[in-house]
Structure formats: structure tokens, C-alpha cells
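To start, the structure itself, in C-alpha cells.
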Amino acid sequence: AELAAGGDTDDGSATLSLAQRAAAGFQAAGQAERGARANACAGGALLRLGRIGEAQRQFEATLARARALQLTPVEAACLTGLGRCAEAAGRIDAARDAYSAAIELFETQRSTLPGDEFRNALLSEHLAPYRAMLALALDAHAVAPTDAAAVAVWHQLERVRARALG
């Protein structure tokens, strides 16, 4: 399902179908973490289909389950997904809050990992909320090109760059 989500030809329908089947299969097999990942992927597919409300509910339910099971990477993916839902609905402050929460979760998890290789591997896979915060800053600057907005863009760009470089 995650591979289908990365393709340019799927509008989200194939990804949604695959993710839902995967989630059911993982659930039946007692593989909660993989099931939660599949449910987060389904949320992304719903969002890609323009079904923002359903996507939000999917991410919220999966986030609650991920928190209960202490699945930090899934929590972060759900927070990023909730940020994307809020952004799609025009709720920029809510999007910023969700992306910030995902980043904070990544940073907390990253700081507990031993060795730079582990930390870099974790964050290289999870740059989405950093990039999303940069996009929000760029959009805000485009609407109101003030010095403060330019500083916010620079700050977010530096955060993305710092995480991408390790």
C-alpha cells in the first residue's frame, strides 16, 4: 500500500483498497504495529481522494491506537497526516500545531537513540513535517512578504536542512 501511495498514477483508490486489506490482515494476524501503519496509509489515501473528514477521523483513530501501543513512528505519521488534513481544510494554525507536534515527537525519539547513524536513519525517513512547516512559511511569506515572514522561512529552511544533513 505504501508503494502504491508513492506512485503518480494512483489517485488514492488503489492505495486505500490495499491499505484497508493490509490493515485487516495484520489485525487478524495480531500484528498491531503493522496494522496501525496500514491504517495511517489508508488515512493518507483518503486525503489524496479529497475525503478530508474521513482522513482526519482515520488519522485520529490511528493516533489514539498508536499512543496506546506506544508506536512513536506511527504517532508521528498520524500527526503529520492530521496536519495535512488541517492544511487541506484551510485551517493553517491547526496544521502548524500538528506538524509541530510531529516534529517534537521526532526530536524526542531522535534524542533517545544511541549513535548518529541511528538518529540520522530515523529522521531521513521522517522529514515530511519539517517540509510541511517550510511550505506553510513560504505560503505565509507569499501572502504577506514581511521581514518576520522571511525570517520564518529562513528558520524553517534551516530546520529542514539541519535534519536532512543529520
Give the minimum heavy-atom separation between [X] and [Y], together with the two atoms involved.
X     : Y     : result
Thr15 : Cys41 : CG2-SG, 3.8 Å
Ala55 : Gly43 : CB-O, 3.4 Å
Leu49 : Ser13 : CD2-OG, 3.6 Å
Leu82 : Ala98 : C-CB, 4.1 Å
Gly83 : Ala95 : O-CB, 3.3 Å
Gly81 : Leu47 : O-CD2, 4.4 Å

message: According to side chain to side chain donor-acceptor pair (under 3.5 Å), does anything in residues 76-89 pair up with another residue at least two apart or in another chain? List the pairs.
response: Glu87-Tyr99

Do [X] and [Y] land in one hydrophobic cluster if side-chain heavy atoms of ILVMFWY residues count as linked below 4.5 Å?
X     : Y     : answer
Phe26 : Leu69 : no
Phe59 : Ile52 : no
Val74 : Leu63 : no

Drop me the distance from [X]'s [atom1] to [Y]'s [atom2], to the nearest 0.5 angstrom.
X      : Y      : atom1 : atom2 : answer
Ile92  : Leu136 : CD1   : CG    : 5.5 Å
Arg51  : Cys85  : CZ    : SG    : 12.0 Å
Ile103 : Leu79  : CD1   : CG    : 10.5 Å

query: Between Glu75 and Leu71, is any pair of side-chain heavy atoms under 4.5 Å apart?
result: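 Side-chain contact under 4.5 Å: no.
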
message: Are Pro73 and Arg37 packed together at the side-chain level, in the sense that at least one heavy-atom pair is separated by less than 4.5 angstrom?
response: yes

statement: Applying side-chain hydrogen bond (donor to acceptor under 3.5 Å, both in side chains) to Gln20 and not counting sequence neighbours gives none

message: If you count every heavy atom of other residues, nucleotides or ligands that lies below 6.0 Å from Gln31 atom CD, does the total exceed 12?
response: yes

query: Yes or no on side-chain contact (heavy atoms from CB on, under 4.5 Å) for His141 and Thr146, after CA distance, side-chain angles and deciding distance?
result: CA-CA 7 Å; His141 184 269; Thr146 64; 5.9 Å; no

- prompt: Is there a donor-acceptor pair under 3.5 Å between the side chain of Gln58 and the backbone N or O of Asn39?
  reply: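 Yes.
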
- request: Go through the steps to decide whether Glu60 and Gln56 satisfy the test side chain to side chain donor-acceptor pair (under 3.5 Å), and finish with yes or no.
  value: CA-CA 6 Å; Glu60 288 170 345; Gln56 181 175 338; 3.0 Å; yes

- prompt: Can you list the residues that meet the salt bridge (charged side-chain N to carboxylate O under 4.0 Å, His left out) rule with Arg96, with sequence neighbours excluded?
  reply: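 Result, salt bridge (charged side-chain N to carboxylate O under 4.0 Å, His left out) vs Arg96: Asp93.
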
